[in-house]
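For reference, the structure discussed in these notes is given below.
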Amino acid sequence: MDRQNELSEIKEKAGQNITGRLLRLAFSCIDLTTLNPTDTQSHVTGFTERVNAFGSDYPALPHVAAICVYPNMARTVKDTLKIGGVKIAAVAGGFPSSMTFTGLKAEEARMAVESGADEVDVVLPLWAFLDGKDDLCREEIAIIKAAIGKAHLKVILESGVLAEPEVIDRAAMLAMEAGADFIKTSTGKVTPAATPEAALAMCRSVKKFYERTGKKVGFKPAGGISTTEESILYLTIVKEVLGDAWLTPDLFRIGASRLANSLLSSISGGEIKYF
């Protein structure tokens with residue numbers, strides 16, 4: 001089956017997947033994110049306190065999977081977060097451009113973990129990848145992975161720049177071979193950001209890597225995803241390509257705080273602006 005026909009079939013199935021169970025599942029896989037240049041410690045503290053209060057305000061719903069912040073805010077989240085099971089994620093490695101030295105990237109990632117991050121999101125060094133320097137990309141990802149120890153590493157491919165499925169597959173495979181625990185579509189800082197076409201290509205890469213190595217790598221679509229319908233489409237892509245085993249916060253994440261409010265509104269049947 002060609003990609004367009006496969007994607008058309010998946011979109012039809014996604015329309016049938018807007019159910020209470022899958023809406024709750026999608027919510028439980030959210031990386032609740034604040035990455036603004038105006039983020040202050042007081043803002044991040046208040047942002048985290050909303051997660052602390054969520055269980056009391058919505059006791060029938062699951063918590064989000066993680067809170068994602070800049071690396072210098074990881075300690076603020078760590079000191080404020082009182083809810084078990086919610087991970088702390090930090091962007092690092094010269095985010096969002098990755099245009100700095102490998103040693104600085106590794107040290108920033110290490111310091112983020114030292115400050116409390118459970119997960120680190122870094123960007124594939126496009127300046128090297130686009131020049132065909134795949135070995136340099138592998139080496140850098142492996143160095144960062146070694147620097148963060150047991151913390152999980154998400155590698156952002158910036159799939160909107162790569163565009164073609166074959167190029168996305170090449171980037172995805174080298175990231176996973178170098179030690180990525182997750183591959184992620186976009187920083188959200190480049191247009192286009194996440195697309196269903198890129199998600200399909202990346203999930204195919206994850207499946208190929210699993211069949212070859214037996215290692216399950218997670219997938220995260222991020223960048224411009226803000227509606228219930230979009231989130232369920234990406235969830236359905238994962239379900240159809242990788243199967244239900246990937247439909248867990250350990251292997252599937254989805255970005256954006258706006259999406260959390262959209263899903264809450266869909267689940268409750270009325271407009272909610274909680275986050």
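These numbers come from a predicted model, not from an experiment.
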Residues which pass side-chain hydrogen bond (donor to acceptor under 3.5 Å, both in side chains) with Glu139, listed by chain and number, not counting sequence neighbours: none
Test ring pair (Phe, Tyr, Trp, His ring centres under 6.0 Å) applied to Tyr274 - qualifying residues, sequence neighbours left out: Phe54, Tyr58
Lys220 and Glu119 ion-paired at < 4.0 Å: no
Compile the donor-acceptor pairs under 3.5 Å between side chains in residues 19-30 and protein atoms, sequence neighbours left out, one pair per line.
{"from": "Thr19", "atom 1": "OG1", "to": "Leu22", "atom 2": "N", "distance (Å)": "3.3"}
{"from": "Arg24", "atom 1": "NH1", "to": "Gly20", "atom 2": "O", "distance (Å)": "3.3"}
{"from": "Ser28", "atom 1": "OG", "to": "Leu25", "atom 2": "O", "distance (Å)": "2.7"}

Show me the donor-acceptor pairs, under 3.5 Å and distance only, between side chains in residues 142-152 and residues at least two apart or in other chains.
{"from": "Lys145", "atom 1": "NZ", "to": "Ala151", "atom 2": "O", "distance (Å)": "3.2"}
{"from": "Lys145", "atom 1": "NZ", "to": "Asp181", "atom 2": "OD2", "distance (Å)": "2.7"}

Exercise: identify the closest heavy-atom pair between Ala92 and Val120: CB-CG1, 3.8 Å
Flag if over 12 foreign heavy atoms under 6.0 Å of CD, Glu49: yes
Residues, nucleotides or ligands: over 12 heavy atoms within 6.0 Å of Lys133 NZ: no
Working for side chain to side chain contact (heavy atoms under 4.5 Å, CB included), residues Leu136 and Trp127: CA-CA 10 Å; Leu136 188 153; Trp127 64 269; 4.0 Å; yes
Ser186: side-chain hydrogen bond (donor to acceptor under 3.5 Å, both in side chains) partners, not counting sequence neighbours: Glu158
Pairwise ring-ring contact (aromatic ring centres under 6.0 Å, His included) hits with a residue in residues 216-268, at least two apart: Tyr210-Trp246
Backbone N/O of Asp31 and side chain of Thr33: donor-acceptor pair under 3.5 Å: yes
Within 6.0 angstrom of Lys207 NZ, more than 12 heavy atoms from elsewhere: no
Atom pair CD1 (Ile237) and NZ (Lys11), whose distance is rounded to the nearest 0.5 Å: 8.0 Å
Any donor-acceptor pair under 3.5 Å from Thr248 side chain to Leu251 backbone: no
All side-chain contact (heavy atoms from CB on, under 4.5 Å) counterparts of Thr191, not counting sequence neighbours: none
Polar side-chain atom of Glu114 near backbone of Arg110 as donor-acceptor pair, under 3.5 Å: no
side-chain hydrogen bond (donor to acceptor under 3.5 Å, both in side chains) involving Ser115 - partner list, sequence neighbours excluded: none
Which donor-acceptor pairs under 3.5 Å do the side chains of residues 162-179 make with protein atoms, sequence neighbours left out?
{"from": "Glu166", "atom 1": "OE2", "to": "Arg3", "atom 2": "NH2", "distance (Å)": "3.4"}
{"from": "Asp169", "atom 1": "OD1", "to": "Ser205", "atom 2": "OG", "distance (Å)": "2.6"}
{"from": "Asp169", "atom 1": "OD1", "to": "Lys208", "atom 2": "NZ", "distance (Å)": "3.1"}
{"from": "Asp169", "atom 1": "OD2", "to": "Lys208", "atom 2": "NZ", "distance (Å)": "2.9"}
{"from": "Arg170", "atom 1": "NE", "to": "Asp134", "atom 2": "OD1", "distance (Å)": "3.3"}
{"from": "Arg170", "atom 1": "NE", "to": "Asp134", "atom 2": "OD2", "distance (Å)": "2.8"}
{"from": "Arg170", "atom 1": "NH2", "to": "Phe129", "atom 2": "O", "distance (Å)": "3.1"}
{"from": "Arg170", "atom 1": "NH2", "to": "Asp134", "atom 2": "OD1", "distance (Å)": "2.9"}
{"from": "Glu177", "atom 1": "OE1", "to": "Arg138", "atom 2": "NE", "distance (Å)": "3.1"}
{"from": "Glu177", "atom 1": "OE1", "to": "Arg138", "atom 2": "NH2", "distance (Å)": "3.4"}
{"from": "Glu177", "atom 1": "OE2", "to": "Arg212", "atom 2": "NH2", "distance (Å)": "3.1"}

From CD1 (Ile18) to CG (Leu263), nearest 0.5 Å: 10.0 Å
Residue pairs involving residues 81-103 (criterion side-chain hydrogen bond (donor to acceptor under 3.5 Å, both in side chains); sequence neighbours excluded): Ser98-Lys105, Thr102-Glu140
Summary of side-chain hydrogen bond (donor to acceptor under 3.5 Å, both in side chains) pairs that have at least one residue in residues 69-80, sequence neighbours excluded: none
Taking every non-hydrogen atom, the tightest pair across Arg204 and Val241: N-CG1, 3.9 Å
Atom of Glu108, atom of Gly93 and distance for their closest heavy-atom approach: OE1-N, 2.7 Å
Over all atoms of both residues, closest heavy-atom pair of Thr227 and Leu259: O-CD1, 3.4 Å
Interatomic spacing from CD1 in Ile67 to CG in Leu32 - rounded to 0.5 Å: 6.5 Å
Of all pairs that satisfy side-chain hydrogen bond (donor to acceptor under 3.5 Å, both in side chains), the ones with a partner from residues 261-271, not counting sequence neighbours: Thr228-Ser266
